[in-house]
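Reading through the structure tokens given below for one structure.
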Amino acid sequence: MEERLQRLLLRAQIIVEEAEDRLITNQGMLLQLNILRKEMFRGYYALDRFRCRGHEEDDAKVHQVSNSFAQSKFNPAKRVRFFRISGNSLQEQLQQVVGSIEVTLEDMSVFVMFLNSCPHLCRQPYSMHLFLDKCLFGRQMEMEHIMNFLLKVDSPGSENLGVLPIIGRRKAGKSTLIEHACNDERVRNHFSQIVCFSDDDLKDADMVTLRHCGSIKNGNQCTGGERILIVIELIRDIDEAVWRRLYSASKSYVPNGSKIIIASQSDKIARFGTTQTLRVELFTEEAYWYFFKVRTFGSMDAQEHPKMALMAMEMARELQGCFMGASIYSGLLKANFNARFWNMALASIREYKQTNLLVYGTYFENPWQASEPAYVRTVNKISSEYLVILDEYQTCSVHNMVLCRTNFARSEAEVPVLSMQDFLFGSVRPQGKFKVLAWKSHLPPYYNHMFNCEVQRKHHVVARKKRSLELCS
């Protein structure tokens, strides 16, 4: 059964990779490709779980960490239990997955025939782990949704300005999707200008002043006529009266054929749209594991390192679909390919969750997704100190590191900068406030993701815990 599933997954992967190298505009084909892609992720997830099942019993014997985490009840050396699933056994689940993929592949025969007529994209051949560093993962349907909206020619005499709302939770990939669309040559040729705005630009502004305060991403006077693409990325809600005033004024100051993309975490912006809202969801558990595994193991075959794959799978589960977490930890794990380091990394994630559960009475998914200061204990023997992530922000990795977005007004004065490895696993003991470079994005908009941090003694953390308990009582 295992070999049969592996052969089916190879067939599915060939079709998916060939399709991702083609320009597909047909919505039906994109939907069918999305179905096959989900079945492939599901299949690899089931196969890896099946292969790891024999190593969970001796995991505690092999992966022991001689540090302060060893006595924690969250010690990763404890046997991994998430493979114990109620209902069908793994063997029965494997049979169900095999049957489902077989049916899906049979339905792809017409898709493959039409795929041959789709033009190739101009792309160099890459191994999959390199390909994921240079393209969007699993967002083909979302990209085509945006492109169809942007390139659609409005009917003559249309006075309404096209508005596409994009809704998704923080770190779901909204900005990356928009940036990829804006960088597409077809979009740049279609619009004479691409102008971006934030919450602060919209405050007490009208369309006249907005034309002079936005960030111009593209100025192409030779093509696109006078059409303008306006991109508005919101952190906070926008007042409906403000939006209606700006939208009404746009009919007088923005040329016909212009378009607006408005992105937010809030569902409230859906009512501003003139077309179907695009909702950007987090990856499924199966898709996230596929992404995390490929990024972590690179050109190595995870099948040849079953105990490492077991730890990686548990880390992926603990990270709960966080793309930024996958980017940070996959880079660290790939650069330190040994069981002890991976065990320490898993321990640090679990210790983080336990610490913040004590402080706030609830779990944070990850330190870089927390709205409150997050407390992280480094993976060393410093038991009396915690590193506190005060906030997260982004800087551009081009144009002399100009600050692109920030949660608080801050000076970019000389402040010590640590790498993520120094932050979590190093022996460096920074004093006062400092910065941590979490990771550098390889995709547009090429942000450097930064943390503002400081060191606090253990008694400060305990005091914060007491205050939290008092507020809850």
query = Would a distance-only check, ignoring hydrogens and angles, find a side-chain to backbone donor-acceptor pair under 3.5 Å from S330 to A326?
reply = yes

ask   = Quick check: does any side chain N or O of K440 sit under 3.5 Å from a backbone N or O of N448, one acting as donor and the other as acceptor?
value = no

task = Taking the six-membered ring for Trp and the single ring otherwise, decide whether the centroids of Y288 and F323 are under 6.0 Å apart.
result = no

remark   = To the nearest 0.5 Å, atom SG of C52 lies from atom CD of Q303 at 10.0 Å

request  = Check whether any side-chain heavy atom of Y329 sits under 4.5 Å from a side-chain heavy atom of L319, and report yes or no.
outcome  = yes

message = When you compare the side chains of Q13 and Y44, does any donor N or O come within less than 3.5 Å of an acceptor on the partner?
response = yes

request  = Kindly indicate whether the side chain of L333, heavy atoms from C-beta on, has any atom under 4.5 Å from the side chain of M315.
outcome  = yes

inquiry  = One thing to verify: whether R350 and E318 come together as a salt bridge, which I'm taking to mean a side-chain N less than 4.0 angstrom from a carboxylate O.
reply    = yes

request  = Mind listing the closest non-hydrogen atom pair of A172 and L282 along with its distance?
outcome  = CA-CD2, 3.9 Å

note = To the nearest 0.5 Å, atom CE of M143 lies from atom CG of L30 at 11.5 Å

key: Closest approach of L150 to F191 (non-hydrogen atoms, all atoms of both residues)   = O-CZ, 3.6 Å

query = Would you find a donor on one side and an acceptor on the other, under 3.5 Å apart, between the side chain of H305 and the backbone of F337?
reply = no

request  = Apply side-chain contact (heavy atoms from CB on, under 4.5 Å) to V187 and I194, showing your working.
outcome  = CA-CA 9 Å; V187 173; I194 301 175; 4.2 Å; yes

Nearest heavy-atom neighbours spanning S192 and I228 = OG-CG1, 4.4 Å

query = Can you check salt bridge (charged side-chain N to carboxylate O under 4.0 Å, His left out) on R169 and E281, steps first, answer last?
reply = CA-CA 8 Å; R169 59 179 293 179; E281 305 290 347; over 6 Å; no

query = Can you tell if the side chain of H120 reaches within under 4.5 Å of the side chain of E18, non-hydrogen atoms only?
reply = yes

ask   = To the nearest 0.5 Å, how far apart are CG in L33 and CE in M40?
value = 9.0 Å

inquiry  = Assess the residue pair E102 and R4 against the criterion (salt bridge (charged side-chain N to carboxylate O under 4.0 Å, His left out)); give the C-alpha distance rounded to whole Å, side-chain angles, the decisive distance to 0.1 Å, and a yes or no.
reply    = CA-CA 10 Å; E102 283 181 334; R4 184 180 173 189; 2.6 Å; yes

task = Could you point out which residue of Y290, W289, W342, F292 forms a ring-ring contact (aromatic ring centres under 6.0 Å, His included) with F297?
result = W342

inquiry  = What I want to check is whether the side chains of E233 and S175 have a donor and an acceptor closer together than 3.5 Å.
reply    = yes

Short side-chain donor-acceptor distance under 3.5 Å, R51 and Q6 = yes

ask   = salt bridge (charged side-chain N to carboxylate O under 4.0 Å, His left out) between E240 and K268: does it pass, once the steps are laid out?
value = CA-CA 9 Å; E240 185 168 357; K268 295 179 181 179; over 6 Å; no

I349 CD1 to Q320 CD distance, which is reported to the nearest 0.5 Å = 10.0 Å

ask   = When you measure from the centre of the six-membered ring of F149, is the NZ or CZ of K259 under 6.0 Å away and within 45° of the axis?
value = yes

Gap separating the SG atom of C196 from the CD1 atom of I230, nearest 0.5 angstrom = 10.0 Å

request  = Might you work through the side-chain contact (heavy atoms from CB on, under 4.5 Å) test for I24 and Q140, ending with a clear yes or no?
outcome  = CA-CA 9 Å; I24 303 174; Q140 201 166 358; 4.1 Å; yes

request  = Search all heavy atoms of T274 against all heavy atoms of G162 and return the closest pair with its distance.
outcome  = OG1-CA, 3.3 Å

task = Could you tell me whether E142 and R279 have a side-chain N and a carboxylate O separated by less than 4.0 Å?
result = no

query = Quick one: does R295's side chain have a donor or acceptor within less than 3.5 Å of a partner on G331's backbone?
reply = no

query = Should I262 and I166 count as side-chain neighbours, where that means a heavy-atom distance under 4.5 Å?
reply = no

request  = Spell out, as yes or no, whether a donor-acceptor pair under 3.5 Å connects the side chain of S348 to the backbone of A345.
outcome  = yes

key: Gap separating the CG atom of L36 from the CG atom of D107, nearest 0.5 angstrom   = 10.0 Å

query = Are any of the side-chain heavy atoms of W243 and I232 separated by less than 4.5 Å?
reply = yes

task = Taking all heavy atoms of L23 and all of C118, pick out the closest pair and write down the distance.
result = O-CB, 3.6 Å

ask   = Do NZ/NE/NH1/NH2 and the carboxylate oxygens of E2 and R7 come within less than 4.0 Å?
value = no

message = Can you give me the closest heavy-atom contact between A302 and A309, atom names plus distance?
response = O-CB, 4.0 Å

query = So, do L437 and L418 sit near enough that their side-chain heavy atoms are less than 4.5 Å apart?
reply = no

request  = Find out whether V163 and T275 are in side-chain contact, i.e. whether some heavy atom of one side chain is under 4.5 Å from a heavy atom of the other.
outcome  = no

request  = Take I101 and L9, measure what side-chain contact (heavy atoms from CB on, under 4.5 Å) needs, and give me the verdict at the end.
outcome  = CA-CA 8 Å; I101 294 178; L9 288 173; 3.7 Å; yes

request  = Check step by step if side-chain contact (heavy atoms from CB on, under 4.5 Å) holds for Y45 and M313.
outcome  = CA-CA 9 Å; Y45 185 71; M313 206 167 199; 3.6 Å; yes

key: Student check: side-chain heavy atoms of K152 and N148 closer than 4.5 Å   = no

request  = Could you check Y393 against K435 for side chain to side chain donor-acceptor pair (under 3.5 Å), going step by step and ending with a plain yes or no?
outcome  = CA-CA 10 Å; Y393 65 102; K435 296 180 180 181; 3.2 Å; yes

request  = Starting from the C-alpha separation in whole Å, work towards a yes-or-no answer on side chain to side chain donor-acceptor pair (under 3.5 Å) for N183 and R188.
outcome  = CA-CA 7 Å; N183 283 342; R188 288 181 172 267; 3.1 Å; yes

message = Check whether T104 reaches the backbone of S100 with its side chain - one donor and one acceptor, N or O, closer than 3.5 Å.
response = yes

inquiry  = Between R37 and E286, does the salt bridge (charged side-chain N to carboxylate O under 4.0 Å, His left out) criterion hold? Intermediate values first, please.
reply    = CA-CA 10 Å; R37 188 186 287 113; E286 295 86 356; over 6 Å; no

task = For N336 and L332, indicate whether the former's side chain and the latter's backbone hold a donor-acceptor pair under 3.5 Å.
result = yes

